Protein chains: 2
Amino acid sequence: MAKYEKAAEALRDEIRAGHPQAGERLPAETVLAERFRVSLPTIRQALGVLQAEGLIERRHGRGTYVREPRHLVARTNERHQWEKDRARQSLAEREKTGATERDTGLQVDDLVFSAVYDEVPANADLAAALGVREGEPLVRRSYQTRYRQEDFPFNVATSYLVRALVTANPRLLDDAEEPWPGGTQSQLHTVGIELDRVEERVTARPPSAEEAEVLGLHPGVSVLVLRKSCVDTEGRVVEVSDVILPGDRTEMVFVTPLERW
Amino acid sequence: MAKYEKAAEALRDEIRAGHPQAGERLPAETVLAERFRVSLPTIRQALGVLQAEGLIERRHGRGTYVREPRHLVARTNERHQWEKDRARQSLAEREKTGATERDTGLQVDDLVFSAVYDEVPANADLAAALGVREGEPLVRRSYQTRYRQEDFPFNVATSYLVRALVTANPRLLDDAEEPWPGGTQSQLHTVGIELDRVEERVTARPPSAEEAEVLGLHPGVSVLVLRKSCVDTEGRVVEVSDVILPGDRTEMVFVTPLERW
DNA sequence: GAGTGGTCTAGACCACACG
DNA sequence: GTGTGGTCTAGACCACTCC
């Protein structure tokens, strides 16, 4: 086993044993280098491994710290039925609270929400997902949501609608109408679309450089990649969204009810 | 922007533009160092960034290659109802195929399956998840499944049952009975337990050193962490399993049907 | 044997945090 | 100012792959 691996393993074991604990500082790199009798670049390589594992966090000018685990946002698939139940309610009712507030347990005022609409032709991937021909005009809607006190959003989402399906209501083409009380299902309701089911596909990977930038992710944090497809009662896929969620603060919850014997 | 970041960005852009393509080789480190007019350690740092992003793969003695994306196993929550439907069928029927084969589209012969049972007292986490007191005896069942041609499993799962609930059938305490035709729901059926719903919680993170080892993961691959809870018709959580899935070859699919208006 | 990436060293200088 | 991590260099030797 290489020296840097030995050092990394020793430090990992110590952290798991609780010395130092989450939030506490590790000794300086020079101290560690001395202790393990290796050069500074080698101990830095060891710390790089632990950082990539998400175990530690290095703060420039301050030191190396044990990362604290955090899970703040739980996102459950029961939100879809909940949203559907509200889609036809009065504006006053719909304005009370949204699905994100439901997930996070926060008030609307605690959240900063942004939405930008534009129009793009369907590429091969989206055309297949939406069941339309390539080049079909789509409304692209880019969303970000963050806590008011924080600098970075906890999710970024891109939603695609087939433009032809929503032109009946011009208000659906205008991002100044966001946040739309009641969400997408309420929007679709205005053009006579009812959802039959929601399909969600989840994978995980390290963030791209851009995602790490936008979400303010530390090294050693993965992202959950969610593609959500909404299928209406006629079997058409009427919306596709791609959502990126930070893996260190998001838990996705899926409940599957079973038929009784 | 640092030199290594510049180099990483330039290489990233080239890969995204398709030069080199997935599977193709990058120039040797010495060549890249010359091209970007930086030292070898610096270009190595740049490549380290791209590797951590999952964009490239470095093969000792051979070169640096653009990683090929792969998604082989799709795991859908419809499996739960499917398993429930089969739980009460005849042995002959149940033996035909299992949920994993259904997910992967493979035959039983293509897969190598291993199961080990032992007994552990419930820790705080498991006690909370199962709704029992700490120290309650649990049956721990450790599973691994891999393709016959491959060296590493594509999932590792640890399942916990409350021992008191399954002692009525001693065969459920014996790992020599695995793989049990029809799966866990069929096993639970033998002691009179019917499931009402399955709750799954998904997060993502980089693999621990041990997980990377067991699953044979390359640097720059994240894992999906799944905690599945099975709730029976009396509202008890009767099984909890923790599943680790490689993010680069797994897609989890969740379908949420909605009630009609 | 030639070419490749993996490990390791010694040391320099810079940028940031904090008292 | 002092201590911390971040970047960068020049170079050595090793281990693996392939011809």
Side-chain angles (χ1 to χ4, degrees), chain A residues 1-12 15 20 23-68 151 209 212-213 216-221, chain B residues 1-12 15 20 23-68 151 209 212-213 216-221:
Chain A
M1 193 185 292
K3 291 186 184 180
Y4 80 93
E5 284 178 313
K6 275 209 192 85
E9 190 172 74
L11 291 169
R12 185 159 47 221
I15 291 170
E24 288 179 358
R25 221 200 79 179
L26 273 72
E29 297 178 343
T30 48
V31 176
L32 292 173
E34 223 169 274
R35 182 183 140 198
F36 289 105
R37 299 172 193 286
V38 296
S39 71
L40 228 151
T42 300
I43 201 66
R44 291 184 56 72
Q45 191 176 0
L47 293 175
V49 171
L50 300 182
Q51 185 178 37
E53 287 172 16
L55 215 56
I56 61 169
E57 188 179 336
R58 293 149 109 180
R59 303 184 199 159
H60 195 169
R62 299 214 279 162
T64 304
Y65 293 79
V66 180
R67 268 256 299 276
E68 309 198 48
D151 296 326
E213 167 98 35
L217 301 180
H218 297 100
V221 174
Chain B
M1 191 185 293
K3 289 185 184 180
Y4 80 93
E5 284 178 312
K6 276 210 192 84
E9 190 172 74
L11 291 169
R12 187 161 44 223
I15 291 169
E24 287 179 359
R25 223 199 76 180
L26 273 73
E29 296 178 344
T30 48
V31 176
L32 292 174
E34 221 169 277
R35 185 185 138 197
F36 289 105
R37 299 173 196 286
V38 297
S39 71
L40 229 148
T42 300
I43 202 66
R44 290 184 56 72
Q45 190 177 4
L47 293 174
V49 170
L50 301 182
Q51 185 179 35
E53 286 172 14
L55 215 57
I56 62 170
E57 187 179 338
R58 294 149 107 180
R59 304 184 198 159
H60 195 169
R62 299 214 276 163
T64 304
Y65 294 79
V66 180
R67 269 256 299 276
E68 310 198 48
D151 295 327
E213 166 99 35
L217 301 181
H218 297 100
V221 173

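Fair warning: this is a prediction, and the values are worked out from it, not measured in the lab. Lettering of chains follows the sequences in order, A, B, ..., and the numbering in each one begins at 1.
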### Message
Is it the case that the side chain of A/Glu9 and the backbone of A/Lys6 share a donor-acceptor pair, with hydrogens and angles ignored and the cut-off at 3.5 Å?
### Response
no
### First encountered from the 5' end of DNA chain D, between B/Pro41 and A/Val31
A/Val31
### Query
Of all residues at least two apart in sequence or in a different chain, which pass the salt bridge (charged side-chain N to carboxylate O under 4.0 Å, His left out) check with B/Arg35?
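For B/Arg35, the residues satisfying salt bridge (charged side-chain N to carboxylate O under 4.0 Å, His left out) (neighbours in sequence not counted) are B/Glu14.
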### Message
Test of understanding: with salt bridge (charged side-chain N to carboxylate O under 4.0 Å, His left out), list the residues that count as partners of B/Glu29, not counting sequence neighbours.
### Response
B/Arg44, B/Arg58
### Nearest-nucleotide 5' precedence on DNA chain C, A/Arg62 against A/Tyr4
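This one resolves to A/Tyr4.
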### Query
From the 5' end of DNA chain C to its 3' end, which nucleotides mark the outer limits of contact with chain A, defined by a 4.0 Å heavy-atom distance cut-off (strictly under)?
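Footprint of chain A along DNA chain C, 5' to 3': C/dT7 to C/dC18.
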Partner set under side-chain contact (heavy atoms from CB on, under 4.5 Å) for [X], not counting sequence neighbours:
X       : result
B/Glu34 : none
A/Glu24 : A/Pro20, A/Gln21
A/Glu53 : A/Arg12, A/Val49, A/Leu50, A/Leu55, B/Ala209
B/Ala10 : B/Phe36

### Query
Could you give the OH-to-P distance, from A/Tyr65 to D/dG3, as a whole number of Å?
16 Å
### Task
Could you identify which residues of residues 43-61 of chain A place a heavy atom less than 4.0 Å from some atom of DNA chain D, listed by residue number, or say none?
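Output list: A/Arg44, A/Arg58, A/Arg59, A/His60, A/Gly61.
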### Message
Applying side chain to side chain donor-acceptor pair (under 3.5 Å), can you list everything that pairs with B/His218, at least two apart in sequence or on another chain?
### Response
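Applying side chain to side chain donor-acceptor pair (under 3.5 Å) to B/His218 gives B/Glu57.
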